[in-house]
Amino acid sequence: MTIELLEKLCRLNGASGDENKVRDFILAEISGFCDCRVDPLGNIIAEKKGASAASKKVMVSAHMDEVGMVVTSVKSDGTLTVSPVGGIDPRVAIGRPVRVGDGDICGVIGAKAVHNLSADEKKTAPKFASLYVDIGAEDKAAAEKLVALGDFVHFHSEFSAFGDGFVKGKAIDDRFGCAVMIDLIKSELLYDCVFTFVVQEEVGLRGSRTAAYSVDPDFAIVLEATTAADIPLASGEKRCCELGKGAVVSHMDRSTIYDKELYRLSRETASENGIGWQTKTMVAGGNDSGAIHISRGGVRTIAISAPCRYLHSPSCVVKLSDLEDCERLARLMLEKMCTM
Amino acid sequence: MDLEKSIMSLADARGVSGDETNAAELALSMLKSYTDDCFIKNGNVIGRLGCKGAKPHILLDAHIDQIGFTVTHITDDGFLKIAGCGGIDRRLLLAQQVTVLGRKPLDGVICAIPPHLETDESNVPEMEDICVDVGLTKARAEEMISLGDKIVFSSKCEKLQGDRITGAALDDRCGVAAVLRALELVKDKTLQCGLSVMFSTQEEVGERGAKIGAFDIEPDIAIAVDVSFALTSDDSELKCGKMGGGCMIGFSPVLDRELSQRLKAVAEKNDLPYQIEVMSGTTGTNADRFSVNKNGVKAATLSIPLKYMHTPVEVISLSDVENTAQLIAAYITEVVS
């Protein structure tokens, strides 16, 4: 995967329910390499022809949406109240630049000056309900000319490579998965398979549910970014997984107990091919597997994830070597599952 | 001079208290448009203009430093431990993007206890629990970064609606811009007073640059051009001015009342919008240092209303900066010995 592709995807704003820009970009990227359709919820279902027909139908899935916010009211002073779309810790929203609405209007989530905080206020992070977005509008009327209730608000942060082989930016969860699928679709595959770029993962695994219903696969591979806590304040198993140790192959999270045979096969395939892999040391998080593996009569599912620090913040951090490990493992597992 | 561009380039320059070189050199280069007699001494950017030796000798001051952090330790896994330079709001640090001013500028991200291990989202991390992730091993971090290197928020200035601008170091680079704009306004006039300009170091850690700068400059009158609180819905009208309402003229027991009145009269005479900022004691600005310099100096504050002070997304109105510059220019033009 090229860092340029990941950067382009991460720069697009697409909170759950507002994935149009991401979808349009992906459709343009994969057009000509597969047969695509968009389902009623907005999922892209892309059927890719390989060199031969597959004996089993495999669906590879990643979600297009990212966490964000939605405008709930305009206050008399022209600032906007917002609710989180997906899980956002209010402490990563306060004091940030944002973009509002389809026109990506510049705004900020400010904070009362530290000089004017009481001792208690200094020690207590504000709740989401007390945060507001300032676009510089002088009053309510000025704001209402530019912003409608229900407009989406996105984090605005720089995507950049930093340190030795790391990148940071918003929405790496799960534009990383989208980038891998774009690569796979544009490459020559051994077998026919189906790729789904799904909506609304962050608000309850909703797009993947209808996509899996339509595709009706035998197997599924979910490509994701998952919480890594390999930072000084966490030790031992609390780190969950670590950057630089390779693809995260899950055995269980809060949404899914993964197919035991596929979990074993993933580990063996990684080891045989010199691909770094690890599994999470806590049962934490969840992803579209939760909806896909119980679709219709059941779908045998694995998740291959990039370990990611500061998930759901404007500054997700991943390591490029892990992204490469994930992509290599996904390609090999796809080939194996097509002929199981 | 394009005021908006000047504010944005000044606020995007880097200058944490104690290491203001980048911002100070930019301010010095801008000051050179108005006087050749300018230099940096002990961190302060100083320029001399006006009628040399004339009385009164007026000092226009704005501080060049911004809040930030300093590197105190590199952990075994290459993360940086830090301490604050100036008043830091720890509530908003998690996952902030920062720039470490090491051997070259390095990107980093602030981290503390991760969310899945945090039982309470209202917890504010202690400074000792905060680290900066620079994506380097300890050995590589030690190659690139020295203890004592400074760190700034990475956010860049952007234009909001109307004439509003957001950025990380508008406190007090917009004050620096206001002083430069005032010099622009009077550049073709012959001033009757002595005039010095100072863009002072280390205001955020206790107005230290102001103390040593004023000692050398020996002004009769000193005006601290800084920022003050613009009202937001979560703050008190008693403490805050109005954004877009013009320059805030300070009245305080520690300021020279006659000078404050005079500035107010100049604003009225020139139809400049202004607001009165009443403080009941020290002002928290460089004026507190100026007034007790040597045998005493008549001091005033002119403040630009600013929202979200000390966050990476401070907000100002361009008109307030322009009006502050107009007020300064009108005042120094009409002062005669």
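Everything numeric in this text was worked out from a predicted model, so none of it was measured. Just so it is clear: chains get the letters A, B, ... in the order the sequence lines come, proteins before strands, and each one is counted from 1.
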With chain A, which of [options] has the greatest number of heavy-atom pairs at distances under 4.5 Å?
options                                : value
B:Leu306, B:Asp234, B:Thr311           : B:Asp234
B:Ile130, B:Asp163, B:Asp89, B:Asp133  : B:Asp133
B:Gly78, B:Gly87, B:Ser233             : B:Ser233
B:Thr75, B:Leu231, B:Asn123, B:Thr166  : B:Asn123
B:Ser122, B:Cys131, B:Gly162, B:Ala141 : B:Ser122
B:Arg90, B:Gln96, B:Lys307             : B:Gln96

Verdict with reasoning, A:Val114 to B:Met309, per side chain to side chain contact (heavy atoms under 4.5 Å, CB included): CA-CA 7 Å; A:Val114 63; B:Met309 200 182 293; over 6 Å; no
Measure [X] against the heavy atoms of chain A and call it side chain, backbone, both or neither at under 4.5 Å.
X        : answer
B:Arg91  : both
B:Leu94  : both
B:Lys156 : neither
B:Asp76  : neither

A:Asp89 versus B:Glu121, closest heavy-atom pair with distance: CA-OE2, 3.8 Å
Derivation of the side chain to side chain contact (heavy atoms under 4.5 Å, CB included) call for A:Ile135 and B:Leu160: CA-CA 6 Å; A:Ile135 58 167; B:Leu160 299 179; 5.6 Å; no
Kindly indicate whether the side chain of [X], heavy atoms from C-beta on, has any atom under 4.5 Å from the side chain of [Y].
X        : Y        : value
B:Tyr308 : A:Ile109 : no
B:Val134 : A:Phe166 : no
B:Cys111 : A:Arg309 : no
B:Leu136 : A:Asp164 : yes
A:Tyr310 : B:Val109 : yes
A:Glu138 : B:Gln161 : no

Main-chain N/O of B:Leu93 paired to A:Arg91 side chain as donor or acceptor, under 3.5 Å: no
Any donor-acceptor N/O pair, A:Ser315 side chain to B:Ala95 backbone, under 3.5 Å: yes
Separation of A:Asp230 CG from B:Phe79 CZ (nearest 0.5 Å):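 Answer for the CZ-CG pair, B:Phe79 versus A:Asp230, is 6.0 Å.
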Salt bridge present between B:Glu158 and A:Arg99 (N-O < 4.0 angstrom): yes
Residues B:Asp77, A:Arg239: salt bridge by 4.0 Å N-O rule: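 Here B:Asp77 pairs with A:Arg239 in a salt bridge, since their nearest N and O are under 4.0 Å apart.
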Heavy-atom proximity to chain B below 4.5 Å, by part of A:Asn116: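 Both parts, heavy atoms under 4.5 Å.
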Stepwise side chain to side chain contact (heavy atoms under 4.5 Å, CB included) test for B:Val313 and A:Arg96: CA-CA 6 Å; B:Val313 291; A:Arg96 321 285 148 147; 5.5 Å; no
Aromatic plane relationship, B:Phe229 with A:His115 - under 30° parallel, 30 to 60° tilted, over 60° perpendicular: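 Ring orientation, 0 to 90° scale: perpendicular.
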